[in-house]
Amino acid sequence: MQLLDGKYVSEKLKVEITGEAAKILADTGRKPHLVAVLVGNDGGSETYVASKIKNCETVGFKSTLVRYDATVSEEELLKKVEELNADADIDGIIVQLPLPKHIDPEKVTERIDHRKDVDGFHPINLGRMQRNLPSFIPATPYGITLMLKEYGVDTTGKHCVVVGRSNIVGSPMSILMARNTTPGNCTVTICHSRTPDIKKFTLDADILIVAIGKKNFITADMVKDGVVVIDVGMNRETSTTTKSGFKLYGDVDFEGVAPKSSYITPVPGGVGLMTIIGLLKNTLASAKRSISIDYSNKSRDI
């Protein structure tokens with residue numbers, strides 16, 4: 001078993017991103033600029049946004065945090081998004097989810113200029129991604145592909161099973177793994193909460209990507225020997241044994257599954273760190289007015 005170490009890969013890629021950001025500053029006199037909009041004070045959202053801001057500073061980006069109380073109206077939030085769209089100094093905009101129930105997240109996502117949509121959630125970016133055209137790829141799936149590439153995991157011709165169908169991870173991940181790219185060229189199966197006998201599919205997986213949001217959902221009896229396991233789960237539980245007061249668990253029972261795996265991501269220390277890298281690389285691509293993804297293979301094999 002080899003650990004897919006998100007800390008190692010993310011630190012390596014941050015050095016590269018720092019160098020590119022420094023070149024942009026030297027050439028243009030400006031830093032790549034990411035704006036994060038945070039509504040309310042959800043604990044998880046606070047942590048994620050703080051991490052994004054900190055990492056921007058680490059790699060030499062400019063970052064701005066816009067905060068609103070949970071009572072902010074949908075109209076006011078949408079107006080702010082339009083202001084950010086119009087600001088030429090801003091390269092990337094993220095509105096942290098989840099939002100309060102009175103605000104439609106789809107409406108907010110669609111209001112963000114797709115050219116600044118560094119979370120990769122806008123329908124235009126998702127559609128272009130599906131067609132293998134230059135686009136901003138959702139940060140978590142993007143980070144996963146960067147990790148697979150770094151470790152040289154062979155995906156061609158493999159059976160990839162994705163557990164979870166969200167628009168943020170599961171659905172775009174399935175598209176990326178099926179595309180004629182590297183990583184990619186998999187035969188893909190999507191499972192979800194309504195799939196009967198999920199174990200039947202997970203046992204057949206060469207590559208198993210789990211994003212279902214249930215602690216230790218995948219157990220040792222659900223995987224075959226040699227499987228590559230990507231655990232996207234971030235399940236927070238209160239804890240008296242940690243300084244933060246909570247502990248993170250994945251969607252995979254690491255202790256049971258790891259001995260059967262050829263590669264596996266830990267939680268924490270795996271996909272979460274790579275999600276930040278996906279966001280930073282998207283922001284960098286926006287600042288460069290380019291897409292930092294290799295689309296040189298234009299084949300349309302089916």
Side-chain angles (χ1 to χ4, degrees), residues 30-57 59 61-130 135-143 164-172 211 213 232 234-236 246 272 275-287 289 291:
R30 63 181 298 274
K31 297 179 178 182
H33 185 186
L34 175 68
V35 174
V37 180
L38 179 60
V39 180
N41 34 29
D42 174 78
S45 294
E46 293 269 5
T47 300
Y48 300 147
V49 170
S51 177
K52 291 169 183 177
I53 296 297
K54 180 180 179 182
N55 277 279
C56 280
E57 295 170 354
V59 299
F61 289 9
K62 179 181 177 181
S63 60
T64 301
L65 174 59
V66 178
R67 301 189 65 120
Y68 286 104
D69 291 335
T71 56
V72 66
S73 69
E74 182 179 89
E75 181 181 2
E76 184 177 352
L77 182 59
L78 292 172
K79 182 179 179 182
K80 185 62 179 180
V81 168
E82 290 174 352
E83 290 178 7
L84 299 175
N85 286 340
D87 189 336
D89 183 58
I90 296 171
D91 300 300
I93 302 167
I94 60 172
V95 178
Q96 184 65 40
L97 303 177
L99 292 168
K101 291 182 179 180
H102 67 279
I103 299 176
D104 182 352
E106 296 299 330
K107 190 179 292 186
V108 174
T109 296
E110 292 188 26
R111 192 65 61 91
I112 296 172
D113 186 333
H114 68 276
R115 293 164 296 186
K116 297 186 179 185
D117 167 43
V118 291
D119 259 338
F121 297 159
H122 194 285
I124 289 178
N125 280 315
L126 291 174
R128 290 178 65 84
M129 180 194 71
Q130 192 275 333
S135 64
F136 294 119
I137 292 175
T140 297
Y142 188 11
R165 56 181 170 181
S166 73
N167 292 330
I168 295 174
V169 181
S171 292
V232 188
M234 295 285 281
N235 304 290
R236 290 164 54 106
F246 65 87
T275 296
I276 298 292
I277 295 300
L279 177 68
L280 294 176
K281 286 184 73 69
N282 278 341
T283 304
L284 185 68
S286 180
R289 304 297 187 264
I291 301 298

Would you compute the distance between atom [atom1] of [X] and atom [atom2] of [Y] and round it to the nearest 0.5 angstrom?
X	Y	atom1	atom2	result
Leu279	Tyr142	CG	OH	11.0 Å
Asn41	Asp69	CG	CG	8.0 Å
Asn85	His114	CG	NE2	10.5 Å
Leu126	Gln130	CG	CD	10.0 Å
Asp119	Thr140	CG	OG1	8.5 Å
Glu110	His122	CD	NE2	6.0 Å

State, without any angle test, whether His33 and Asp89 hold a side-chain donor-acceptor pair at a distance under 3.5 Å.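 Distance-only check passes for His33 and Asp89.
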
Close side-chain approach of [X] and [Y], heavy atoms under 4.5 Å:
X	Y	value
Leu34	Thr64	no
Ile93	Asp117	no
Ser45	Pro98	yes
Glu76	Lys80	no
Asn167	Phe121	no
Pro138	Ile168	no
Ser51	Asn55	yes
Phe61	Lys31	no

Looking at Leu99, Val37, Ile103, which hits side chain to side chain contact (heavy atoms under 4.5 Å, CB included) with Val72?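 With Val72 as partner, Leu99, Val37, Ile103 yield a single side chain to side chain contact (heavy atoms under 4.5 Å, CB included), made by Ile103.
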
Picking from Leu38, Ile94, Asp42, what satisfies side chain to side chain contact (heavy atoms under 4.5 Å, CB included) with Val49?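 With Val49 as partner, Leu38, Ile94, Asp42 yield a single side chain to side chain contact (heavy atoms under 4.5 Å, CB included), made by Leu38.
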
Counting only N and O atoms by type, is there a donor-acceptor contact under 3.5 Å from the side chain of Thr275 to the main-chain atoms of Ala139?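 Side chain of Thr275 to backbone of Ala139, a donor-acceptor pair under 3.5 Å: no, none is there.
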
Quick one: closest heavy-atom pair of [X] and [Y], and the distance?
X	Y	value
Val169	Pro141	O-CG, 3.9 Å
Ser286	Phe136	CB-CZ, 3.7 Å
Ala88	Arg289	O-NH2, 4.3 Å
Val108	Val81	CG1-CG2, 4.4 Å
His102	Ser73	NE2-CA, 4.4 Å

Test applied, side chain to side chain donor-acceptor pair (under 3.5 Å); reference residue, Asp91; option that passes from Lys116, Arg30, Lys62: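 The passing option is Arg30.
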
Apply side chain to side chain contact (heavy atoms under 4.5 Å, CB included) to Ile112 and Val95, showing your working. CA-CA 9 Å; Ile112 296 172; Val95 178; 4.0 Å; yes

State whether Glu46 and Arg67 are salt-bridged, where the test is any N-O pair (Lys NZ or Arg NE/NH1/NH2 against Asp/Glu carboxylate O) under 4.0 Å.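 So Glu46 pairs with Arg67 through a salt bridge.
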
Steps toward side chain to side chain contact (heavy atoms under 4.5 Å, CB included) verdict (Glu57, Ile53): CA-CA 6 Å; Glu57 295 170 354; Ile53 296 297; 3.8 Å; yes

Evaluate whether atom CZ of Arg236 has more than 12 neighbouring non-hydrogen atoms of other residues, nucleotides or ligands under 6.0 angstrom away.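 Correct, the count exceeds 12.
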
